[in-house]
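Each remark here refers to the structure printed beneath this line.
Counting starts at 1 for both ligands and their atoms, following the listed order. When reading the values below, keep in mind they use all heavy atoms of this one structure, side chains included, and skip hydrogens, waters and symmetry mates.
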Amino acid sequence: MEKAKLTLDRDYKIGEIDKRVFGSFLEHLGRAIYTGIYQPEHPQADEEGFRKDVIALIRKLGVPIIRWPGGNFVSGYHWEDGVGAVDKRPQRLDLAWFTTESNKVGLHEFCSFAKKADSEVMMAVNLGTRGVDDAKNLVEYCNLDTHSKYADMRRQNGSEKPFDIKLWCLGNEMDGPWQIGHKTAEEYARIANESAKVMKWLDPSIELVACGSSALGMPTFGDWERTVLEEGYSNIDYLSLHQYYGNAKNDTPNFLAQSINLDSFIKGVAAICDSVQAKKHSKKKINLSFDEWNVWYHSNGQDKKFYDARSWGQEPPLLEDIYNFEDALLVGSMLITLLNNADRVKIACLAQLVNVIAPIMTSKTGGAWCQTIFYPFMHASKYGRGTALIPLLSSPVYETSEFDAVPCVDASAVLGEDGGVTVFAVNKSQDRDIALELDMRAFGDMKVIEHIVMHNDDVKAINTEEKPDNVTPINVKCDESGGGISGIKLGKLSWNVIRLK
Ligand code: AHR
């Protein structure tokens, strides 16, 4: 068996892992909200109409923050439509997804849902069709205990206490021509900075995320980040990154190598942040919010027909990617990459959470189930809390159409508060099992206490409502996995969680 070696030392640290890297995202899009988390007529609905079966799965996943209400949707959203008496709320045409928004779920309902899901809200303001005034009013409505117009309006609408939302996005993907109210870098930099300034005047305790590029391949990448940072450096706290990958060419080795692209995206944006910091002679470091990441391509063709038809339907099945086993492997590698950049990536949102490019799916007339990508995320969220260690890794490599030397093994290691260490590893090789040697001499006597493996002989295998457990992880006996920490078998095409004490 070929070998890989991972050397770890408790003093070689990348940094503390911010629990918000295990965040997710729910947009008013397709069936994410309506018939996803909210369906009053469903047998599993609670007194507010939220599905208890879905909430139970979100809690199992362990999601400390949820970005809301979009996404592209936020760039045309009027939050006032979603507060006050539900039967008086208007129906609105949403130009982001060519659907009709009922506004039955608004601010108060979503905050209540987030609490039930053991999560906090990461709120986005509309900097597409709106701007400074709206951002200011929304902060007052959500966070202030004053006796003033919007804080009083919140009280009248049933919430005496402020929602106290700590993390805010200054718009969404404003560099993209598809965005309602798309802006040049200069236009966005001005509106984002002015909004940020007054939002913090109202509530200095909030943290703000400014839009970076909506993908590494955007033509304005680099200049966009620099312009936004130069204008707003003192008011913003994080810069956002978004990235989705697909395998439309059915080139699995190259698809699985995309974590290399993700890593260079993160390092590139961190370098731009640092260059602006240097230029400004500032003590402040801007960190990163990777607030949209996932695989997304399966549903594109089908969705285009819906947009072209302009039928303005409600809760249409949009972006319902059905994830297969290879998607779960890439999601595992993406999680590893985020953990290996824990010193800069403080927030990350798996996009999205329910039905829309999501780990959790629901049927309107049936139950809820987990897609393949649910499992690596759940493992990382459960066992990936603590300190990210520097993974000194040597691995066999392979070549793809895009990349020269792709390590067969991606790995990260997390030192937990209990002194235990968890290694996450993906073996991307199509044909080679690899024996992983763990050199942990600085830890003293360490033993593998659990080895979780996810593998399927068919990279296209999926989970469905009828067969929800087709692709799931299993526990392998530690002694069967190669014996001790000198030869842990990472089977070809597998996701591995190795827990040591
Ligand atoms: O997550 C789906 C969409 O992808 C979001 O609305 C948008 O921000 C991105 O383009």
* Atom NZ of Lys467: over 12 foreign heavy atoms under 6.0 Å -> no

* Can an N or O of Tyr244 be found at a distance shorter than 3.5 Å from an N or O of ligand 1? -> yes

* Asked: Under 6.0 Å between the ring centres of Trp495 and His455?
  -> no

* Between Phe73 and ligand 1, which part of the residue brings a heavy atom under 4.0 Å of the ligand: side chain, backbone, both or neither? -> neither

* To do: Measure the spacing between CG of Asp251 and OG of Ser401 and express it to the nearest 0.5 Å.
  => 4.5 Å

* Classify the ring geometry between Tyr34 and Tyr38 as parallel (under 30°), tilted (30 to 60°) or perpendicular (over 60°). => perpendicular

* Structure fact -> Paired with Tyr244, the ring-ring contact (aromatic ring centres under 6.0 Å, His included) test is passed by just one of Phe290, Phe265, Trp293, Trp296, namely Trp296

* Asked: For ligand 1, is there an N or O atom under 3.5 Å from any N or O atom of Gln352?
  -> yes

* Establish, yes or no, whether a centroid distance under 6.0 Å links the rings of Tyr141 and His108. => yes

* **Nearest non-hydrogen protein atom, atom 6 (O) of ligand 1** => Glu27 OE1, 2.6 Å

* Structure fact -> Quick look: Trp97 vs ligand 1, heavy-atom contacts under 4.0 Å, and the answer is side chain

* Can you tell which part of Val356 has a heavy atom less than 4.0 Å from ligand 1: side chain, backbone, both or neither? -> neither

* When the aromatic ring centroids of Trp97 and Phe306 are compared, is their separation below 6.0 Å? -> no

* Structure fact -> Looking only at protein heavy atoms, what sits closest to atom 10 (O) of ligand 1 is Glu173 OE1, 2.7 Å

* Any idea which atoms of ligand 1 are less than 4.0 Å away from a heavy-atom of Ile357? -> 1 (O)

* Can you tell me if Glu194 uses its side chain to pair, donor with acceptor, with the backbone of Val132 under 3.5 Å? -> no

* To do: With heavy atoms under 4.0 Å as the rule, classify the contact between Asn172 and ligand 1 as side chain, backbone, both or neither.
  => side chain

* Provide, to 0.1 Å, the distance between atom 7 (C) of ligand 1 and the closest protein heavy atom, together with that atom's residue and name. => Asn72 OD1, 3.2 Å

* Give a yes/no on ligand 1: does Asn294 have at least one heavy atom closer than 4.0 angstrom to it? => no

* Nearest non-hydrogen protein atom, atom 8 (O) of ligand 1 -> Glu292 OE2, 2.6 Å

